[in-house]
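Counting convention: from 1, in listed order, for ligands and their atoms alike. For the numbers below, each heavy atom of this structure counts, side chains included, while hydrogens, waters and symmetry mates do not. Everything numeric in this text was worked out from a predicted model, so none of it was measured.
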Amino acid sequence: MMTSANTKRLHVAICGAGIGGLTFALALSRYTDIDIDIYESARALTEVGAGIGIFPRPWKIIKMLGLEADLLKVTETKVVDGPVSAFRYRKSDQYEGIEFYTLITQGSLMLFHRADYQQTLLNHLPKRCRTHCLKRLRSYAQRQSGPIELLFEDGTTASCDLLIGADGVKSAVRAGVLGEKAQWVRSEGRQEEALEILQHVEPVWSGTNAYRALIPVQKLKTIAPNHRVLNTPGVQYLGKQGYIIAYRISGGKLINFVAFVVKHHLENTQFNGPWMSTVDNSAFSSIFAHWEPEVQALIACVEKPMQWAIHTVRPMQSFVSGRVALLGDAAHSMTPHQGSGAGQAIEDACILATVLGHPSTNRTNIARALRVYDSIRCPFAYRVMEVSRINGRYFTLQLDEAAGAMDLDKLPPKQQWDNLQQLGSRIVKNWEWTWTTSIDTTLQEALRMLESIA
Ligand SMILES: Cc1cc2nc3c(=O)[nH]c(=O)nc-3n(C[C@H](O)[C@H](O)[C@H](O)COP(=O)(O)OP(=O)(O)OC[C@H]3O[C@@H](n4cnc5c(N)ncnc54)[C@H](O)[C@@H]3O)c2cc1C
């Protein structure tokens, strides 16, 4: 039996030490009267070799957490508050690509190596946040009152006042939360509703596979010294069957490369095969074989990419059950077409830590704080999930989902250009929320709600 400290205001267990779990732990650690244990299934805390982009809303949280100065040491991206060019869009599924739009964001999209971001979080995490590796949660049990009991795959147990499931897309905590809800509605004779609830336990395939690799900048320079990716913040190469995103990270030493192969008609089906595996370029390169030469140059630099079958969580009614709450991908795993999954996990972390850390929250009224978290974060995250899904359509040249991919190649040049312009402005419109809304307003709303509930 693992010990649990009981002398503090609250004892919180976090299941999963990814970006969501660690950011939450750091945000909560500002309240020194809250005890924190982090349980992680992996042997050590590591991140995948890939890049990550953070938009202005979550960046503000990173600033509040005191991470900005250290993160600026590991990126080339400069913090700009006003308009800044983030991505250039090209129609690339032809020999001569067409550059048709630039995504101008209000405030920088900050670009990092994931490992650098995670290391910065770990460097800031106080020692009193106890991290336990090789602890895979199997299940939990909660009653009306008393501690929540945690059971790990190795047979050990632990307890806490509050459990946060930050355990990613295959979340064991989500299975527990939904199991509890299903049991409750079944006890009221609502069998069909129980079955519907349980449909949300297993993630579904988005129909998209991502092929990720890190390319040394020097390698690309050798074969294509004037390549656009070497002197542009970020480029997206679009076509009907997929798209490629490329941007520099690690102080300009590496290029984050992701090729997406998209089969929209297979959305919400089951993927047959491992969700993550190392493959050869042949697993994706044929889709891009006829694309413009600068795409070929990038692919020529890719070695042993990781294939990720992108899975999402079907939207649930709530992230909370009793004194258990979900956060990050466990709650709202989304497609990566808006580069916002981690950003949303960071927002969850910030709002949840704020309501739990509030001086009025204690063991007897945890449900009140979780209600505020749920009512703010659940609808917001699912809206982001939907706009991300729509971006996936735009990035494969679909102006209108019902009409499918535009056959731009059959249009006269003027009409083709007009359609691409329309696509560009829809992409920007779809993304506007990241800079027209502010986390400050959301935080104020959370505090106002908390203080208004008795
Ligand atoms: C190709 C691609 C590109 C992306 N680009 C961006 C981007 O640019 N910007 C952005 O904001 N987001 C991006 N995302 C999304 C982002 O990566 C995720 O949303 C984010 O990493 C989720 O973090 P998390 O902590 O919720 O989950 P995870 O990172 O999955 O962490 C979950 C942790 O829980 C652990 N765990 C799992 N099960 C258990 C268990 N039973 N017990 C204990 N521990 C457990 C795991 O080992 C892991 O450490 C991208 C995603 C993909 C696939």
Worksheet item: Picking from Phe87, Trp433, Trp431, what satisfies ring-ring contact (aromatic ring centres under 6.0 Å, His included) with Phe55?
Response: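 One option only clears the test, and that one is Trp431.
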
Have a look at ligand 1 and work out which part of [X], if any, has a heavy atom under 4.0 Å from it: side chain, backbone, both or neither.
X      : answer
Trp308 : side chain
Lys135 : backbone
Pro58  : neither
Ala342 : both
Ile310 : side chain
Arg114 : side chain

| Between Tyr211 and Phe284, is the ring centre distance below 6.0 Å? |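 Yes, they do, as the ring centres are separated by less than 6.0 Å.
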
Using heavy-atom distances only, which candidate in Ala349, Gly18, Ser340, Ala172 approaches atom 31 (O) of ligand 1 most closely?
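Nearest heavy atom to atom 31 (O) of ligand 1 lies in Gly18.
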
Compare every heavy atom of Pro336 with every heavy atom of Phe260, then report the nearest pair and how far apart it is.
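Between these two residues, the closest heavy atoms are CE2-CG, 3.7 Å.
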
Flag [X] as yes when one of its N or O atoms lies below 3.5 Å from any N or O atom of ligand 1, and as no otherwise.
X      : result
Ile19  : yes
Gly53  : yes
Ala210 : no
Gly339 : yes

Nearest protein heavy atom to [atom], by residue and atom, and its distance?
atom                    : result
atom 34 (O) of ligand 1 : Gly16 CA, 3.2 Å
atom 37 (C) of ligand 1 : Asp167 O, 3.2 Å
atom 40 (C) of ligand 1 : Leu137 N, 3.7 Å
atom 23 (O) of ligand 1 : Gly20 N, 4.0 Å
atom 44 (N) of ligand 1 : Ser41 N, 3.1 Å
atom 3 (C) of ligand 1  : Arg212 NH2, 3.4 Å
atom 26 (O) of ligand 1 : Asp329 N, 2.9 Å
atom 47 (O) of ligand 1 : Glu40 OE2, 2.6 Å

I'd like to check [X] versus [Y] (side-chain heavy atoms, cut-off strictly below 4.5 Å). Are they in contact?
X      : Y      : value
Cys15  : Leu163 : yes
Leu326 : Ser171 : yes
Leu238 : Ser92  : no

Under 4.0 Å from a heavy atom of [X]: which atoms of ligand 1 are those, numbered in the order shown and with their elements?
X      : result
Tyr39  : 43 (C), 44 (N)
Ala166 : 32 (C), 33 (C), 34 (O)
Cys15  : 40 (C), 42 (N), 43 (C)
Gly328 : 26 (O)
Gly168 : 27 (O), 30 (O), 32 (C)
Pro336 : 2 (C), 3 (C), 4 (C), 50 (C), 51 (C), 52 (C)
Gly341 : 10 (C), 11 (O), 12 (N), 15 (C), 19 (O)

Query raised in the report: Is Arg314 salt-bridged to Glu196, going by a charged N under 4.0 Å from an acidic O?
Result: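 The answer is yes: the pair qualifies as a salt bridge.
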
For this session: Give the ring-plane orientation class for Phe395 versus His337, where under 30° counts as parallel, over 60° as perpendicular and anything between as tilted.
Result: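 Ring orientation of Phe395 relative to His337: perpendicular.
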
| query | Parallel, tilted or perpendicular: which describes the rings of Phe112 and Tyr117, with under 30° parallel and over 60° perpendicular? | reply |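 Ring orientation of Phe112 relative to Tyr117: tilted.
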
Worksheet item: Only one of Leu151, Val324, Thr157 forms a side chain to side chain contact (heavy atoms under 4.5 Å, CB included) with Tyr140, so which one is it?
Response: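 Only one option passes, and that is Val324.
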
Pair [X], [Y]: side-chain N/O donor-acceptor within cut-off below 3.5 Å:
X      : Y      : value
Ser438 : Lys60  : no
Arg212 : Gln307 : no
Asp440 : Gln444 : no

| field | More than 12 heavy atoms from other groups under 6.0 Å of NZ on Lys219 | value |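 Counting neighbours around NZ of Lys219, more than 12 heavy atoms of other residues, nucleotides or ligands fall under 6.0 Å, so yes.
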
From the options Arg363, His11, Arg323, select the one residue that forms a side chain to side chain donor-acceptor pair (under 3.5 Å) with Asp161.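 With Asp161 as partner, Arg363, His11, Arg323 yield a single side chain to side chain donor-acceptor pair (under 3.5 Å), made by Arg363.
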
